[in-house]
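The structure appears right after this line, and notes come after that.
This structure is a prediction, so every number in the text was calculated from the model and none was measured. Numbering of residues begins at 1 and proceeds along the displayed sequence.
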Amino acid sequence: MWDSAFEETLRSYLPFLPADEALAADTPLREYGLDSLATVELLSVLEQDYDVRFEDDALNLETFENPGRLWTTLTALQPASGATQNVGRVSAGPRRG
């Protein structure tokens, strides 16, 4: 599925997802609190943590609809040799103040 760093990072942007609830590939991210500001912050963190750039055609609501789609998009942007380079790396999470 996806690495633990991705899940931990994503969960930090989902304030309405209970800690004991599984994050499934089809979990609706907006329903669990991923608003537009959080989406931009998450995008920036993922680009930094995975050393990728989301292309214009990936910057849409569908990409951030659920974890499965987001992970598929993210891994497609990574070079084949770098697909696991950041496994276990965890970002600081949302920086809201």
Side-chain angles (χ1 to χ4, degrees):
M1 194 180 276
W2 48 72
D3 65 47
S4 61
F6 174 79
E7 178 153 347
E8 189 169 335
T9 298
L10 187 53
R11 280 181 169 277
S12 73
Y13 289 92
L14 302 175
F16 306 129
L17 181 67
D20 61 343
E21 188 170 328
L23 186 62
D26 62 350
T27 297
L29 299 179
R30 286 186 291 277
E31 288 182 25
Y32 285 97
L34 188 70
D35 60 20
S36 58
L37 179 59
T39 299
V40 172
E41 291 175 2
L42 175 60
L43 170 70
S44 177
V45 168
L46 292 175
E47 286 184 334
Q48 181 178 355
D49 287 356
Y50 289 90
D51 196 27
V52 297
R53 283 279 169 227
F54 280 77
E55 301 296 324
D56 288 344
D57 60 339
L59 298 175
N60 57 59
L61 292 176
E62 290 77 27
T63 298
F64 293 87
E65 180 179 11
N66 59 54
R69 187 168 289 196
L70 181 55
W71 180 251
T72 298
T73 302
L74 181 62
T75 56
L77 296 172
Q78 293 180 303
S81 63
T84 59
Q85 72 185 30
N86 291 313
V87 172
R89 181 176 174 188
V90 178
S91 69
R95 295 177 194 105
R96 296 184 182 186

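The backbone N or O of L59 sits nowhere less than 3.5 Å from a side-chain atom of T63 that would complete a donor-acceptor pair. Counting only distance, with no hydrogens or angles, the side chain of S12 and the backbone of T9 share a donor-acceptor pair below 3.5 Å. A donor-acceptor contact shorter than 3.5 Å links the side chain of Y50 to the backbone of F6.
Here the CG atom belonging to D35 is positioned 11.5 Å from the CG atom belonging to L29, to the nearest 0.5 angstrom. Here the CG-CD distance, from D26 to E65, works out to 9.5 Å after rounding to the nearest 0.5 Å. In this structure, CZ on F64 lies 4.5 Å from CZ on F54, to the nearest 0.5 angstrom. A distance of 11.5 Å separates CG of L17 from CG of L34, quoted to the nearest 0.5 Å. For the atom pair N60 CG and T73 OG1, the distance stands at 7.5 Å (nearest 0.5 Å).
Side-chain contact between L23 and Y32: absent, with no pair of heavy atoms (C-beta onward) separated by less than 4.5 Å. Between V45 and Q48, every side-chain heavy-atom pair lies at or beyond the 4.5 Å cut-off. Between E47 and L43, some side-chain heavy-atom pair lies under the 4.5 Å cut-off. Considering only heavy atoms from C-beta on, E31 stays 4.5 Å or farther from F16 through its side chain. The closest side-chain heavy-atom distance from L46 to V52 is not below 4.5 Å.
Following chains of ILVMFWY side-chain contacts shorter than 4.5 Å, one cannot reach L74 starting from L61, and the two form parts of different hydrophobic clusters.
Scanning both residues, A24 and P67, for their nearest heavy atoms gives O-CG, 3.3 Å.
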